[in-house]
Amino acid sequence: MRDGIKRKHRTMDYWFNYNKLIKMKKILTVIICFFAGMIFFGSCTPENYTLGDIDVTSTQLAEGKAYTVEHDANNPNIVYLTSLMDPKYTPLWEHPQGRSQEKKVTLKMPFPGEYTIKFGVETRGGIVYGEPVSFKIDQMYAEFISDETWTLLTGGAGEEKTWYLDLDADGISRYFKGPLYFYGTGDWWGTINKTGEPLNSDSWSWEPDWKSNSWLMPAGDYGSMTFDLKGGANVNVKHAMLGKVQKGTFNIDTEKKTMRMTGASPLHGKPQDGIVVDWGDVRIMSLTQNTMQLAVLRDPVLSNDGAAMLTFNFISKAYKESLTENGAETNNDK
């Protein structure tokens, strides 16, 4: 009798413990599924990469507060631009001779006139610019245009010089392989002429011949581009393929071999017209009495290609006419 009761109690204990175990397993399964779901949905949820807050406002980037513009005490044609911002901010200058990111920029301005600069900084949340400000140059300082760069480009003080894109309606390039070369963003006068190091690690080149790469830009009469030093630094560009004429001014940084064109852009083709960051921000890649290469930065977004220096190749009017008159061999005939 006692054995029967004991067996009954053992059987009841077994089922009690078994049911308890089942409930615990169910609870454990729910917990595991919950955390598994959290991990799954967490892995499927895109990560949010957000820029930090912009901690500088446009009104804070005012002259005298964020930067200074000062004329040299002995030569007022020399202008110093100095950032007063904390070093954690990269200064961004847009000035008459191009763009710069240095804390202090020195401008050597040869011609009288009123000029504009724009100062900005790169913050965690993006780029912020202040309002443009102007400064005046009262007199001409001829020494600043005595550098050979000015003479080769314009013919010298009181002179003018006309340039053509090195491609004509017959598809002939007279000096270069074609009208358009490509270089890396680190390339400039120094790397092209073997006189300096690249500006950054992006240094490369592609110099396509036009006959094998005519898709780059069609053959045609692209017009002319004339630079002069007649009472100022002036440029007149007749964009025959684009159907427009531009009259503007220019300024050269002879040390960095950059040029700022205002109101005009270098001669170029329609395929390149809408894919450049700033047509006025020009690098002089090479310049001789008869040939010139001017580069502008290709926009990687607008072009659907990587950033690159689109380098347009030019020949002087005198050089083109001398070859035409003499029936000389062109680069396409070589």
Would you tell me whether Ser173 and Asp166 have side-chain atoms, one donor and one acceptor, within less than 3.5 Å of each other? no
Once ring-ring contact (aromatic ring centres under 6.0 Å, His included) is applied, do any residues pair with Phe144, and if so which ones, sequence neighbours excluded? Tyr141
Kindly compute the distance separating CD (Gln97) from OG1 (Thr106), expressed to the nearest 0.5 Å. 10.0 Å
Where do Trp188 and Gly196 come nearest, in terms of heavy atoms and distance? CZ2-CA, 4.3 Å
I need the full list of salt bridge (charged side-chain N to carboxylate O under 4.0 Å, His left out) pairs touching residues 307-321, with sequence neighbours left out, sorted by first then second residue. none
Measuring only between side-chain heavy atoms, which start at C-beta, is Leu152 closer than 4.5 Å to Gln289? yes
Taking the six-membered ring for Trp, are Trp93 and Phe119 ring centroids under 6.0 Å apart? yes
Checking Arg298 side chain against Gly306 main chain: does a donor-acceptor pair fall under 3.5 Å? yes
Expected output: side-chain Ser100 to main-chain Glu102 donor-acceptor under 3.5 Å: no
Show the numbers, then the answer: is there a side-chain contact (heavy atoms from CB on, under 4.5 Å) between Thr116 and Glu94? CA-CA 8 Å; Thr116 302; Glu94 294 184 7; over 6 Å; no
Return a table of donor-acceptor pairs under 3.5 angstrom between the side chains of residues 309-316 and protein atoms on other chains or two or more places apart.
| unit_1 | atom_1 | unit_2 | atom_2 | d |
| --- | --- | --- | --- | --- |
| Thr311 | OG1 | Met309 | O | 3.3 |
| Asn313 | OD1 | Gln293 | NE2 | 3.0 |
| Asn313 | ND2 | Gly178 | O | 2.9 |
| Ser316 | OG | Tyr319 | N | 3.1 |

Please report the interatomic distance CH2(Trp189) to CG(Leu199), rounded to the nearest 0.5 Å. 14.0 Å
Here the pair of heavy atoms bringing Asp278 nearest to Val296 is O-CG1, 4.3 Å
Just jot down the salt bridge (Lys or Arg N to Asp or Glu O under 4.0 Å) partners of Asp72, sequence neighbours excluded, or say none. none
Ignoring hydrogens, what is the shortest heavy-atom contact between Val235 and Ala264? Give both atom names and the distance. CG1-CB, 3.9 Å
Ion pair present between Arg283 and Asp253, side-chain N to carboxylate O less than 4.0 angstrom? no
Heavy-atom check, side chain of Pro112 versus side chain of Met140, under 4.5 Å: yes
Before you tell me yes or no, could you show the steps for Leu287 and Leu153 under side-chain contact (heavy atoms from CB on, under 4.5 Å), namely the whole-Å CA-CA distance, both residues' side-chain angles and the distance that decides it to 0.1 Å? CA-CA 7 Å; Leu287 179 60; Leu153 179 67; 4.2 Å; yes
Using ring-ring contact (aromatic ring centres under 6.0 Å, His included) as the criterion, list what pairs up with Tyr164, not counting sequence neighbours. none
Sorted by chain and residue number, the side-chain contact (heavy atoms from CB on, under 4.5 Å) partners of Asp228 (sequence neighbours excluded) come out as Glu160, Lys230, Asn234
Other hydrophobic cluster members with Leu84, side-chain heavy atoms of Ile/Leu/Val/Met/Phe/Trp/Tyr under 4.5 Å, chained? none
Between Phe227 and Met292 the two heavy atoms that sit nearest each other are CE1-CE, 4.3 Å
Any non-hydrogen side-chain atom of Val79 less than 4.5 Å from a side-chain atom of Glu70? no
Report the distance from atom CD1 of Ile117 to atom OG of Ser134, rounding to the nearest 0.5 Å. 8.5 Å
Distance-only donor-acceptor hits, side chain of residues 240-247, under 3.5 Å, sequence neighbours excluded:
| unit_1 | atom_1 | unit_2 | atom_2 | d |
| --- | --- | --- | --- | --- |
| Gln246 | OE1 | His239 | NE2 | 2.9 |
| Gln246 | OE1 | Ser265 | N | 2.8 |
| Gln246 | OE1 | Ser265 | OG | 3.2 |

Tell me the closest heavy-atom pair linking Lys177 and Glu207, and the distance in Å. CD-O, 3.4 Å
Closest approach of Thr191 to Glu197 (non-hydrogen atoms, all atoms of both residues): CG2-C, 3.9 Å
For Trp150, check ring-ring contact (aromatic ring centres under 6.0 Å, His included) against everything at least two apart and list the hits. Phe250
Run the side-chain contact (heavy atoms from CB on, under 4.5 Å) check on Thr149 and Ile284 step by step: do they pass? CA-CA 9 Å; Thr149 308; Ile284 304 173; 4.1 Å; yes
Is it true that Tyr222 and Trp215 fall in one hydrophobic cluster, defined by side-chain heavy atoms closer than 4.5 Å? yes
Kindly indicate whether the side chain of Leu107, heavy atoms from C-beta on, has any atom under 4.5 Å from the side chain of Val105. yes
Let me see the working for Glu148 and Thr151 under side-chain hydrogen bond (donor to acceptor under 3.5 Å, both in side chains), right down to the final yes or no. CA-CA 5 Å; Glu148 185 183 34; Thr151 303; over 6 Å; no
I'd like to check Ile78 versus His71 (side-chain heavy atoms, cut-off strictly below 4.5 Å). Are they in contact? no
Partner set under side-chain contact (heavy atoms from CB on, under 4.5 Å) for Lys88, not counting sequence neighbours: Asp55, Asp86
d(Asp221 CG, Asp168 CG) to nearest 0.5 Å is 8.5 Å
Is there a side-chain contact between Ser83 and Lys104 (heavy atoms, below 4.5 Å)? no
May I ask you to test the Met225-Leu294 pair for a side-chain heavy-atom distance under 4.5 Å? yes
Note, Ile137 side chain near Tyr115 side chain (heavy atom, < 4.5 Å): yes
Donor-acceptor pair, Lys257 side chain versus Thr254 backbone, under 3.5 Å? yes
Distance, nearest 0.5 Å, that separates CE of Met261 from CG of Asp281: 11.5 Å
Tabulate below the donor-acceptor pairs under 3.5 Å that side-chain atoms of residues 267-276 make, not counting sequence neighbours, or state none.
| unit_1 | atom_1 | unit_2 | atom_2 | d |
| --- | --- | --- | --- | --- |
| His268 | ND1 | Pro266 | O | 2.7 |
| His268 | NE2 | Asp273 | OD1 | 2.7 |
| Gln272 | OE1 | Gly269 | N | 3.4 |
| Gln272 | NE2 | Leu216 | O | 3.0 |

Can you measure from CD1 (Ile145) to CG (Asp147) and round to the nearest 0.5 angstrom? 10.5 Å
Show your reasoning for whether side-chain contact (heavy atoms from CB on, under 4.5 Å) applies to Thr185 and Asn200. CA-CA 7 Å; Thr185 58; Asn200 58 55; 3.5 Å; yes
So does Lys108 pair up with Glu255, basic N to acidic O under 4.0 Å? yes
Just checking, any donor-acceptor pair under 3.5 angstrom between side chains of Ser146 and Glu143? no
Would you find a donor on one side and an acceptor on the other, under 3.5 Å apart, between the side chain of Ser224 and the backbone of Trp163? no
Taking the side chain from Asn251 and the backbone from Phe111, do they hold a donor-acceptor pair closer than 3.5 Å? no
State which residues pass ring-ring contact (aromatic ring centres under 6.0 Å, His included) with Trp204; sequence neighbours excluded, sorted by chain then number. none
